[in-house]
Amino acid sequence: MSAPSRPRTAALPGAGVPAGGQSRDSRLTVGVIGAGRVGAVLGAALVAAGHRVTAVSEGSGATRARIALLLPDTPLQAAPAVARAATDLLLLAVPDDALAGVVAGLAGAGALHPGQVVAHTSGAHGLDVLAPAAAVGAHPLALHPAMTFAGTPDDLSRLAGISYGVTAPARLRPLAARLVADLGGVPEWIGEADRPLYHAALAHGANHLVTLVNEAADRLRDAGVDQPEKVLAPLLEAALGNALRLGDDALTGPVSRGDAGTVRRHLQRLAATAPDSVPAYLALARRTADRAVAAGRLRPADAGPLLDVLGRTQHQREVAA
C-alpha cells in the first residue's frame with residue numbers, strides 16, 4: 001500500500017492538539033489490543049501511514065509470530081499497559097462477544113483517560129459498547145474494515161480502496177475520515193441502530209458465500225469431479241462479477257427459467273446423496289424465485305409449478321421429521 005510518510009495535520013480530538021492551536025506533530029501514538037489478523041494488519045498499516053504503534057497486547061504463539069512479522073520491535077504488554085501507553089488512539093480488535101467485557105475491564109482498571117480515542121473494529125457493534133470509555137472522557141469510535149484478513153503482509157496491499165463501516169460522534173468524524181484515508185480506505189457512515197443490519201449484510205454475503213462455494217465443491221466431488229475448484233472458479237468468478245455489476249439481472253439457471261422438473265431432480269438426488277444440503281438449497285431456491293419474479297426475470301405463471309415443487313419438498317421434510 002502506498003502511503004505518505006507523514007499523515008495530514010488536523011486539530012482533532014486525541015491527536016495531540018494543544019488547546020486553541022494546531023498540532024505540530026500529526027502522528028498518533030497508538031496501542032492495539034487484540035493483535036489477531038485484523039489488529040496486526042491495521043496496526044502495520046497505521047505505521048506505514050506514519051503513526052507510532054507503541055505497544056500491542058500479549059497473546060498466543062500465533063499472535064506473537066504475527067506481531068514479529070507485521071509489527072517488529074513493538075513491545076508486547078498486558079492490555080491495561082497498552083491502553084495507558086496509547087495516548088492518542090487505542091484500537092480494540094477483539095471478538096464481538098468479548099468487546100464489552102474488555103472495554104469495561106479497561107475502564108474499571110483506570111487504564112483509559114480523557115481525550116483518548118478508543119476505537120473498535122467490530123462490524124456488529126457501534127458506540128454503545130464503548131459507553132464505559134466515554135464515561136471517563138474518552139472519544140468512542142467504531143471503525144470496521146469490510147475485508148477478510150489472513151494476517152500476513154499480503155493483506156496490506158488489499159487495503160487500498162476498501163470500505164470502512166464507521167460510526168462516530170459528529171465531533172469525531174474528521175478524525176475518523178482521516179484515519180480511514182491514512183489506511184487507504186473509504187468511509188461508509190453507518191448509524192448506531194443500523195450496525196447489526198450492516199454487519200448481517202456483510203456476514204450473509206461473505207461468510208455464507210464460503211459455505212455455499214464449499215457445498216458446491218463437495219457435491220461436485222460426490223458427482224466424481226476430482227478438482228471441483230477448476231470447474232467452479234471461472235463460473236463463480238463470472239457470476240460474482242455479473243451480480244455486483246447487474247444485480248438481479250445477472251440471474252441465470254433453472255429457477256430463473258421456472259424449470260420445475262430440473263429443480264425436482266436436483267432435490268431428489270440431493271436427498272439421496274447429501275440430505276444435509278437440501279434445506280439450504282430449498283431456502284436459496286425460494287428466495288431466488290421471489291427475487292426473479294420481482295425483477296421480472298420469472299413470470300408468476302411459470303413460478304407456480306416451481307414453487308409447488310419447493311413447497312411440497314419442504315412439507316415432506318417436515319412430515320418426515
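Not measured: the values here are computed from a predicted model. Quick note: residue numbers are just sequence positions, from 1.
- Heavy atoms only, all atoms of each residue included: Ala55 and Val82 are closest at O-CG1, 3.6 Å.
- Between the side chain of Asp182 and the backbone N or O of Ala49 there is no donor-acceptor pair closer than 3.5 Å.
- Listed here is the closest heavy atom pair of Trp189 and Ala168: CZ3-CB, 4.4 Å.
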Exercise for review: May I have the step-by-step check of side chain to side chain contact (heavy atoms under 4.5 Å, CB included) for Leu220 and Val231, ending in yes or no?
Suggested key: CA-CA 9 Å; Leu220 283 174; Val231 177; 4.2 Å; yes
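- Closest non-hydrogen pair, Arg27 versus Arg178, comes out as N-NH2, 4.3 Å.
- Checked by atom type, the side-chain pair Ser122/Asp96 shows a donor-acceptor distance below 3.5 Å.
- Side-chain contact check for His266 and Tyr281: at least one donor-acceptor pair (N or O, by modelled atom type) lies under 3.5 Å.
- His120 contributes a side-chain N or O that, together with a main-chain N or O of Gly126, makes up a donor-acceptor pair within less than 3.5 Å.
- Arg195 and Ala124 make their closest contact through CB-O, 3.7 Å (heavy atoms, listed as atom of the first residue, atom of the second, distance).
- Side-chain contact between Val118 and Leu141 is absent, with no heavy-atom pair separated by less than 4.5 Å.
- If you check the side chains of Thr167 and Glu192, you find no donor sitting under 3.5 Å from an acceptor.
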**Study point:** Worked check of side chain to side chain contact (heavy atoms under 4.5 Å, CB included) between Thr63 and Val56
**Key:** CA-CA 10 Å; Thr63 297; Val56 297; over 6 Å; no
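- Between Ser256 and Thr288 there is no side-chain heavy-atom pair separated by less than 4.5 Å.
- Pairing each heavy atom of Ala40 with each of Leu71, the nearest pair is O-CD1, 4.1 Å.
- Under a hydrophobic-cluster definition in which Ile, Leu, Val, Met, Phe, Trp and Tyr are linked whenever side-chain heavy atoms come within less than 4.5 Å, directly or via other members, Ile190 and Met147 are assigned to different clusters.
- By the 4.5 Å heavy-atom criterion applied to side chains, Asp259 and Leu306 are not counted as neighbours.
- Between atom CG of residue Asp276 and atom CG of residue Leu270 there is a gap of 11.0 Å, rounded to the nearest 0.5 Å.
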Practice item. Please assess Leu179 against Leu46 for the test side chain to side chain contact (heavy atoms under 4.5 Å, CB included), listing each intermediate value before the final yes or no. Key: CA-CA 8 Å; Leu179 284 173; Leu46 288 171; 4.2 Å; yes
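- Remark: Leu232 CG to Arg219 CZ distance equals 12.0 Å, nearest 0.5 Å.
- Remark: Arg158 does not engage Asp154 in a salt bridge, criterion side-chain N to carboxylate O under 4.0 Å.
- Using a distance-only test at 3.5 Å, with no hydrogens or angles considered, no donor-acceptor pair links the side chain of His144 to the main chain of Gly165.
- Put simply, the side chain of Asn214 gets close to the backbone of Val210: a donor and an acceptor are under 3.5 Å apart.
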**Study point:** Candidate pair Arg286 and Asp290, rule salt bridge (Lys or Arg N to Asp or Glu O under 4.0 Å), full reasoning
**Key:** CA-CA 6 Å; Arg286 283 196 301 269; Asp290 291 342; over 6 Å; no
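- Nearest heavy atoms, Val41 versus Thr152: CG2-O, 4.3 Å.
- The closest donor-acceptor contact from the side chain of Ser57 to the backbone of Gly34 lies under 3.5 Å.
- Val166 and Leu127 fall into different hydrophobic clusters, where Ile, Leu, Val, Met, Phe, Trp and Tyr side chains are chained together by heavy-atom contacts under 4.5 Å.
- For the side-chain contact (heavy atoms from CB on, under 4.5 Å) criterion with Leu240, the lone passing option out of Leu236, Asn242, Leu244 is Leu244.
- Note that CG of Leu143 is 9.5 Å distant from CG of Leu175, once rounded to the nearest 0.5 Å.
- By the 4.5 Å heavy-atom criterion applied to side chains, Leu284 and Leu212 are counted as neighbours.
- The CG atom of Leu197 sits 11.0 Å away from atom NE2 of His204, with the distance rounded to the nearest 0.5 Å.
- The closest side-chain heavy-atom distance from Arg291 to Arg297 is not below 4.5 Å.
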Check your understanding: Do Tyr164 and Thr121 pass the side chain to side chain contact (heavy atoms under 4.5 Å, CB included) test, and can you show the C-alpha distance, the side-chain angles, and the key distance before you say yes or no?
Key -> CA-CA 9 Å; Tyr164 287 76; Thr121 62; over 6 Å; no
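- Leu130 and Val30 are members of different hydrophobic clusters when ILVMFWY side chains are connected at heavy-atom separations under 4.5 Å.
- From His113, atom NE2 reaches atom CG of Leu90 across 8.5 Å, with rounding to the nearest 0.5 Å.
- Hydrophobic clustering keeps Ile33 apart from Ile67 (ILVMFWY residues linked when any side-chain heavy atoms are closer than 4.5 Å, directly or through intermediates).
- Within the 4.5 Å cutoff, the side chain of Leu310 has heavy atoms near those of the Leu267 side chain.
- Residue Val32 is grouped with residue Val117 when hydrophobic side chains (ILVMFWY) are merged at heavy-atom distances under 4.5 angstrom, including chains of intermediate members.
- Taking 4.5 Å as the limit, some side-chain heavy atom of Pro145 sits within range of a side-chain heavy atom of Ile162.
- Here the side chains of Thr29 and Gln116 are not in contact, with every heavy-atom distance at 4.5 Å or above.
- Once rounded to the nearest 0.5 Å, the distance linking CZ of Arg257 with OG1 of Thr262 reads 7.0 Å.
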